[in-house]
Amino acid sequence: MRLRRYLTLGWLSCAVATSVQAADVNRATAFQLEAVGGIGEQMAADIVAERTAHGRFVSWDDFRQRVKGVGEHNLKTMPKDGLTLNANP
């Protein structure tokens, strides 16, 4: 019984650890961005399109202003979910 509990806990910790994918907003593909919590297919496409058309995001505020759908709440949760800006969470 104890072994089963430890195996279950081990599996759950692995599942949680692998569910968070880090993605840099200035380097990631749309597919990589979709792996970040709070970013769906459309927002990922919008991020890549904006970055392609107007260049790198220079700050989190710049990112929020340029990408439709990113508000204050998203800006607080996305870095916690693995989104980075120039490899800085």
Side-chain angles (χ1 to χ4, degrees):
M1 190 60 119
R2 244 184 198 189
L3 180 59
R4 181 182 288 168
R5 187 179 329 159
Y6 287 123
L7 290 174
T8 302
L9 289 174
W11 180 82
L12 286 173
S13 65
C14 288
V16 170
T18 58
S19 66
V20 176
Q21 299 290 323
D24 187 274
V25 72
N26 284 316
R27 296 184 196 122
T29 64
F31 181 77
Q32 292 168 323
L33 289 167
E34 286 180 54
V36 174
I39 299 180
E41 185 177 341
Q42 184 60 54
M43 186 177 287
D46 290 347
I47 291 168
V48 172
E50 178 63 30
R51 184 180 68 206
T52 301
H54 302 286
R56 298 173 62 84
F57 299 100
V58 296
S59 67
W60 286 115
D61 190 52
D62 180 41
F63 173 71
R64 182 183 58 79
Q65 290 179 11
R66 290 170 48 190
V67 179
K68 182 181 176 180
V70 177
E72 289 296 322
H73 176 73
N74 299 79
L75 205 55
K76 290 178 183 175
T77 60
M78 286 177 177
K80 292 177 186 174
D81 289 334
L83 191 64
T84 63
L85 179 70
N86 300 320
N88 294 319

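Shortest non-hydrogen contact noted between Leu33 and Ala23 is CD2-CB, 4.3 Å. Taking both residues in full, the closest heavy atoms of Ala30 and Val48 are given as N-CG2, 3.7 Å, listed atom of the first, atom of the second, then distance. In terms of heavy-atom proximity, Arg56 sits nearest to Asn26 at CA-OD1, 3.3 Å. Here the closest heavy-atom approach between residue Ile47 and residue Ile39 is recorded as CD1-CD1, 4.2 Å.
To the nearest 0.5 Å, atom CG of residue Asp62 and atom CZ of residue Arg64 are 10.0 Å apart. Here the CE-CG distance, from Met78 to Leu85, works out to 12.5 Å after rounding to the nearest 0.5 Å. Here CZ of Arg66 is found 9.0 Å from OG of Ser59. Values are rounded to the nearest 0.5 Å.
Paired with Phe63 under the rule side chain to side chain contact (heavy atoms under 4.5 Å, CB included), one option of Val25, Val58, Asn74 passes, and it is Val25.
Using a 4.5 Å heavy-atom threshold, the side chains of Met43 and Val70 count as touching.
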